[in-house]
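Everything on this sheet refers to the single structure shown next.
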Amino acid sequence: MTQDSTSLSQPPVPHQPLTLAILGAGAWGSALAQLARYNGHTVNLWSRRFGNSLEESINAVDVLVSAISMRGVAVTAQQLQTLKLPEKIPIVTATKGLDPDSTRTPSQLWGNWFPQHPIVVLSGPNLSAEIEQGLPAATVVASENLEAAKIVQTVFASNRFRVYTSSDPMGTELGGTLKNVIAIAAGVCDGLQLGTNAKSALLTRALTEIIRIGTHLGGKTETFFGLSGLGDMLTTCNSALSRNYRVGYGLAEGKSLEQVLTELGSTAEGVNTTNVLIEIAHRERIPVPISWQVYQLLNHQITPQKAVEALMERDLKPEFYDR
Ligand SMILES: NC(=O)C1=CN([C@@H]2O[C@H](COP(=O)(O)OP(=O)(O)OC[C@H]3O[C@@H](n4cnc5c(N)ncnc54)[C@H](O)[C@@H]3O)[C@@H](O)[C@H]2O)C=CC1
Ligand SMILES: O=C(CO)COP(=O)(O)O
């Protein structure tokens with residue numbers, strides 16, 4: 001077997017064991033901890049509910065990873081600001097959400113609070129349950145600081161987890177965040193048994209919608225065709241392991257949002273993300289027809305059937321506008 005020539009031109013990567021603080025001992029934080037430990041790294045997995053204090057958890061670490069759900073990011077970062085984070089260590093954000101107060105992404109928030117630290121976004125088609133089973137998966141680590149992204153790449157990369165770098169943190173983060181809204185729509189589509197044609201039409205038009213808003217907010221078009229965009233959309237919109245998909249599916253079955261969320265008992269970021277996305281879309285005057293129907297559905301303004309009708313009866317138009 002010939003060696004991949006591209007690997008010869010890559011710089012040597014540091015393989016020494018590092019110490020990581022992973023904030024958030026939920027499904028994703030625990031899976032990331034397992035991946036880092038698999039590579040021989042030491043992990044301080046911090047939970048607000050048990051174990052070591054935040055101060056103890058960040059002591060002398062080489063990398064900080066946040067796998068906290070959106071609603072906990074601001075409060076945890078505020079706590080961190082009162083503590084002594086080791087100088088200039090990379091901060092990795094793995095949250096897929098939008099801040100309801102500022103409408104900003106988690107990486108924008110971390111960058112604002114910790115300007116001396118390189119910020120790295122980690123996002124991809126990564127259902128934690130599959131990763132914890134040791135099934136193969138791939139992800140993207142994106143940063144304006146490519147050296148920091150490469151460090152994070154080597155921390156997590158293994159024969160079961162392939163990690164790509166990217167210089168587009170905004171596109172990488174928005175792909176993972178916005179697809180959660182579409183996963184709710186996909187769950188509705190499957191729950192109503194609308195068929196394969198409808199699902200393909202939904203996902204294809206949804207990608208156009210994600211690219212429209214994602215590029216407006218600073219992401220690069222090609223990133224949305226990559227693992228963190230199309231890749232994560234395919235995973236989340238086709239798996240009953242996805243909590244956002246299950247929200248849509250449950251709504252299509254006639255359950256109330258409250259009932260679905262209670263049964264889920266876990267984070268479905270797409271619910272908050274939809275509300276923030278619609279606020280951004282209205283403010284910036286960006287058409288987001290699919291997300292708008294999801295918004296109305298989540299806010300008890302429309303039934304799943306009416307949402308489908310509304311999408312099918314929109315004004316006729318070309319698929320692509322000539323530039
Ligand atoms: N589970 C998955 O497959 C994946 C999840 N993600 C993202 O990772 C983030 C976390 O998701 P999960 O771990 O699945 O959710 P989870 O519900 O299992 O865990 C949420 C974590 O956030 C912490 N948290 C929530 N509110 C907090 C607060 N006020 N203060 C401090 N900590 C708080 C919880 O204690 C818990 O550790 C979400 O943004 C999700 O979209 C990303 C990729 C995969
Ligand atoms: O982001 C995810 C997979 O990449 C997890 O999806 P859910 O949050 O919908 O479970």
Side-chain angles (χ1 to χ4, degrees), residues 21-35 43-51 53-54 57 65-80 92-101 105-107 109-110 121-133 135 137-141 156 161 163 172-188 190 226-250 260-274 276 294:
I22 298 187
L23 311 185
W28 192 215
S30 303
L32 285 170
Q34 193 199 63
L35 287 170
V43 177
N44 305 337
L45 183 60
W46 175 78
S47 163
R48 64 187 161 146
R49 300 195 193 282
F50 56 80
S53 68
L54 187 56
S57 301
V65 180
S66 165
I68 298 166
S69 49
M70 191 66 243
R71 65 197 170 94
V73 170
V75 62
T76 307
Q78 274 160 16
Q79 239 183 303
L80 266 179
V92 183
T93 167
T95 304
K96 294 175 176 173
L98 292 170
D99 176 40
D101 295 328
T105 67
S107 76
L109 297 179
W110 286 108
V121 170
L122 187 153
S123 192
N126 298 151
L127 293 163
S128 58
E130 293 187 0
I131 286 172
E132 293 218 83
Q133 283 176 54
L135 295 172
T139 205
V140 180
V141 289
F156 288 106
F161 198 58
V163 184
T172 302
E173 190 171 36
L174 285 173
T177 295
L178 299 178
K179 63 79 194 169
N180 282 336
V181 178
I182 305 309
I184 296 175
V188 172
D190 286 355
L227 287 167
S228 59
L230 177 61
D232 202 1
M233 194 172 81
L234 292 177
T235 276
T236 317
C237 293
N238 286 312
S239 175
L241 288 175
S242 158
R243 296 153 302 181
N244 291 292
Y245 174 91
R246 295 215 302 265
V247 167
Y249 202 99
V260 175
L261 293 178
T262 307
E263 285 173 9
L264 207 57
S266 179
T267 308
E269 294 281 21
V271 177
N272 166 65
T273 299
T274 303
V276 182
V294 175

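Remember, it's 1-based here, ligands and their atoms both numbered in the order they're listed.
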Give the atoms of ligand 2, by number and element, whose distance to some non-hydrogen atom of Asn126 is under 4.0 Å. 3 (C), 4 (O)
Polar side-chain atom of Asp99 near backbone of Met70 as donor-acceptor pair, under 3.5 Å: no
Against heavy atoms of Ser128, which atoms of ligand 1 measure under 4.0 Å? 1 (N), 2 (C), 3 (O)
Suppose I only count heavy atoms of Ser242 and a 4.0 Å limit; which atoms of ligand 2 are within that range? 7 (P), 9 (O), 10 (O)
Looking only at non-hydrogen atoms, the one of Leu234, Leu127, Leu264 nearest atom 5 (C) of ligand 2 is Leu127
Here the atoms of ligand 1 under 4.0 Å from any heavy atom belonging to Gly24 are 37 (O)
Go through ligand 1 atom by atom and flag the ones less than 4.0 Å from a non-hydrogen atom of Leu127. 3 (O)
So which protein heavy atom does atom 28 (C) of ligand 1 come closest to, and at what separation? Gly72 CA, 3.3 Å
Looking only at heavy atoms, which two atoms of Ala268 and Val247 are closest? And how far apart? CB-CG2, 3.8 Å
Hey, is the main chain of Leu241 close enough, under 3.5 Å, to the side chain of Ser239 for a donor-acceptor pair? yes
Who gets closest to atom 38 (C) of ligand 1 by heavy atom: Arg48, Glu269, Met70? Glu269
Near Thr76, which atoms of ligand 1 are under 4.0 Å from a heavy atom of that residue? 30 (N), 31 (C)
Among all protein heavy atoms in this structure, tell me which lies nearest to atom 8 (O) of ligand 1, with the distance rounded to 0.1 Å. Trp28 CD1, 3.4 Å
Arg49, any N or O under 3.5 Å of ligand 1 N or O: no
Would you say Leu122 and Val140 make side-chain contact, with heavy atoms under 4.5 Å? no
Heavy atoms of Ser30 and Gly26 approach each other most closely as OG-O, 2.7 Å
For Thr236, take its heavy atoms, then give the atoms of ligand 2 lying under 4.0 Å from any of them. 3 (C), 6 (O), 9 (O)
Heavy atom under 4.0 Å from ligand 1: found in Ala27's side chain, backbone, both, or neither? both
Residue pair Glu173 / Ser123, side-chain donor-acceptor N/O under 3.5 Å: no
Ligand 2-proximal atoms of Arg246, by part, heavy-atom distance under 4.0 Å: neither
With a 3.5 Å distance limit and no angle check, can you tell me whether Asn44 reaches the backbone of Ala21 through a side-chain donor-acceptor pair? no
Are the side chain of Ser242 and the backbone N or O of Asn244 linked by a donor-acceptor pair below 3.5 Å? yes
Would you mind listing which atoms of ligand 1 come within a distance below 4.0 Å of any non-hydrogen atom of Thr267? 15 (O), 16 (P), 17 (O), 20 (C)
Using a 4.0 Å cut-off to any heavy atom of Ser266, which atoms of ligand 1 qualify? 17 (O)
Least distance between heavy atoms, Ile131 atom then Ala31 atom: CG2-CB, 4.2 Å
Looking at Ser69 and Arg71, would you say the former's side chain and the latter's main chain have a donor-acceptor pair under 3.5 Å? no
Once rounded to the nearest 0.5 Å, what's the spacing between atom OG of Ser266 and atom CZ of Arg246? 8.0 Å
Within 4.0 Å of some non-hydrogen atom of Lys179, the atoms of ligand 2 are 1 (O), 2 (C), 6 (O)
How about Leu227 and Asp232: do any of their side-chain heavy atoms sit closer than 4.5 Å? no
Test of understanding: given a 4.0 Å heavy-atom threshold, classify the contact between Ala67 and ligand 1 as side chain, backbone, both, or neither. backbone
Report yes if the side chains of Thr139 and Phe156 come closer than 4.5 Å at any heavy-atom pair, otherwise no. no
Asn244 neighbourhood, listing ligand 2 atoms whose heavy-atom distance to it stays under 4.0 Å: 7 (P), 8 (O), 9 (O)
Any heavy atom of Ile68 under 4.0 Å from ligand 1? The part involved is both
Identify, for atom 36 (C) of ligand 1, the protein heavy atom at the shortest distance, and state residue, atom and that distance. Gly26 N, 3.9 Å
Ignoring hydrogens and geometry, is there a side-chain-to-backbone donor-acceptor pair from Lys179 to Thr235 under 3.5 Å? no
Write out the residue and atom name of the closest protein heavy atom to atom 22 (O) of ligand 1, then the distance separating them to 0.1 Å. Ser69 N, 3.1 Å
Under 4.0 Å, heavy atoms only, figure out whether ligand 1 is touched by the backbone of Ala94, its side chain, both or neither. backbone
Within-cut-off N or O pair, Thr95 and ligand 1, under 3.5 Å: no
Atom 8 (O) of ligand 2: which protein heavy atom is closest, and how many Å away? Arg243 NH2, 2.9 Å
Please tell me whether Tyr245 and Asp190 have a donor and an acceptor in their side chains that are separated by less than 3.5 angstrom. yes
Compute whether any side-chain donor of one residue and acceptor of the other, for Thr273 and Asn180, lie under 3.5 angstrom apart. no
Against heavy atoms of Lys96, which atoms of ligand 2 measure under 4.0 Å? 1 (O), 2 (C), 3 (C), 4 (O)
Per-atom contacts of ligand 2 with Asp232, taking only distances under 4.0 Å to non-hydrogen atoms: 3 (C), 4 (O)
Checking the N or O distance criterion of under 3.5 Å, is ligand 2 in contact with Thr267? no
What is the nearest protein non-hydrogen atom to atom 44 (C) of ligand 1, stated with its residue, atom name and distance? Asn126 O, 3.1 Å
Which part of Val75 is near ligand 1, with near meaning a heavy atom under 4.0 Å away: side chain, backbone, both or neither? side chain
By number and element, which atoms of ligand 2 are closer than 4.0 Å to a non-hydrogen atom of Gly124? 4 (O)
Counting N and O atoms only, with roles assigned by atom type, does the side chain of Asn272 sit under 3.5 Å from a partner on the main chain of Leu98, one being a donor and the other an acceptor? yes
For atom 14 (O) of ligand 1, what's the nearest protein heavy-atom neighbour? Residue, atom name and distance, please. Arg243 NH1, 2.7 Å
